[in-house]
Amino acid sequence: MTLDVGVIGVGMIGQEHIRRLDGGTGGSRVVAVADADTDRAAAVAGGLPTAKALPSGEDLIAWDAVDAVVVTSWGPTHEPYVLAAVAAGKPVFCEKPLAITQEACGRIVDAEVAAGRRLVQVGFNRRYDPAHRALKQALDGGAIGAPLLVHCAHRNASSPPHYTRDMSIADTAIHEIDELRWLLGQEIAAVQVLTPRRSSRGGKLQDPLLVLFEMADGVLVDVEVSVNIHYGYEIRCEISGETGTVELADPAPVTIRRDGAAAGLVPADWRERFALSYDIELREWADTAAAGRQPLGPGAWDGFIAQVVSDAALQSLHAGGRVAIALPDRPDLYAGPAGP
Ligand code: ISE
């Protein structure tokens, strides 16, 4: 079966996902697009062999020709579109964050529980990055014994003009929040955000940040969040265990030796570093949806928990101090092992 997909939001990541989903080796195609910028939606549709531009996201979700929905629109619009897709009984892939408040995420969880089946997948793509999967495989395989400490760095070369202080947590570190739950198989019990000396390159931003997470089993995690580090885009993660350490290898595919130096290339941005993870993520999502199966990846509950932890981190950023995190019981609909 060919999965006919509708994409809401045809900005940069939306157009990238369209290229991943339309034709190619997979069994999906894009038959509808919608965007607040209707001219841009028409232009994108015009460049696709089988796509129409619909007047709104709601119209796209309601159109019978759309089997499944991708939401890559502006964050505050995620909730209504995801709720509409769930109400329509259509699988929906929503780029992170699931919604911009934990209350909105909770409404999506409630809607899925009421529907009695999982339809929502959230775009926490690191679970699909081969390097992160190898990291988890080594840890789960007992290569270093029980994990004790984790050291992470999330480094952007620069931040866009619309980037705010809170986005360092809600838009950037939210990846580590989901990744740690998946990697360690534990919930985050507390968080504290420390504010070191500011980079002169960060303008009014508090940049960098140091985020300290306490996992439920006692593992401690430190995450450097630097969003104007200039040299490139780099994601680091090292796990220190009872008998050794395991860490993400340097991303450089090559090392250049010249002028008395040896240097590995560093990706310019997250699109370059994680292109393959997005390919794997969208392909698995589309194949699973086409087969009529529930999504295997991070779902609405993961999106909700990430938002709860993100809000706690923001509380620490704003008011200082350690913030304990109390999580509600997980609905039975979301029981079972964390996704890939
Ligand atoms: C962006 O939205 C992402 O998802 C990237 O992975 C992250 O590194 C970047 O900081 C975010 O703005």
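By convention here, the first residue in the shown sequence is residue 1. Atoms within each ligand, like the ligands themselves, are counted from 1 in listed order.
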Proximity of H175 to ligand 1 by residue part, where a heavy atom lies under 4.0 Å: side chain
Min side-chain heavy-atom separation H318-D166 under 4.5 Å: yes
Numbered atoms of ligand 1 (with element) below 4.0 Å of D171, judged on heavy atoms: 1 (C), 2 (O), 11 (C), 12 (O)
Shortest protein contact, atom 7 (C) of ligand 1 (heavy atom only): H154 NE2, 3.4 Å
Passing option when R29 is tested against D67, T2, D4 for side chain to side chain donor-acceptor pair (under 3.5 Å): D4
Ligand 1 contact by F274, heavy-atom criterion under 4.0 angstrom: no
R273 and D129 ion-paired at < 4.0 Å: yes
Beyond-backbone contact of Y81 with V69, side-chain heavy atoms, under 4.5 angstrom: no
Min N/O separation Y233 to ligand 1 under 3.5 Å: yes
Check: R155/Y231 side-chain N/O donor and acceptor closer than 3.5 Å: yes
Sub-4.0 Å heavy-atom contact, K96 with ligand 1: yes
N/O separation below 3.5 Å, N156 to ligand 1: yes
Close side-chain approach of E234 and D250, heavy atoms under 4.5 Å: yes
Atom 5 (C) of ligand 1: the protein heavy-atom neighbour that sits closest, reported with distance to 0.1 Å: W270 CG, 3.5 Å
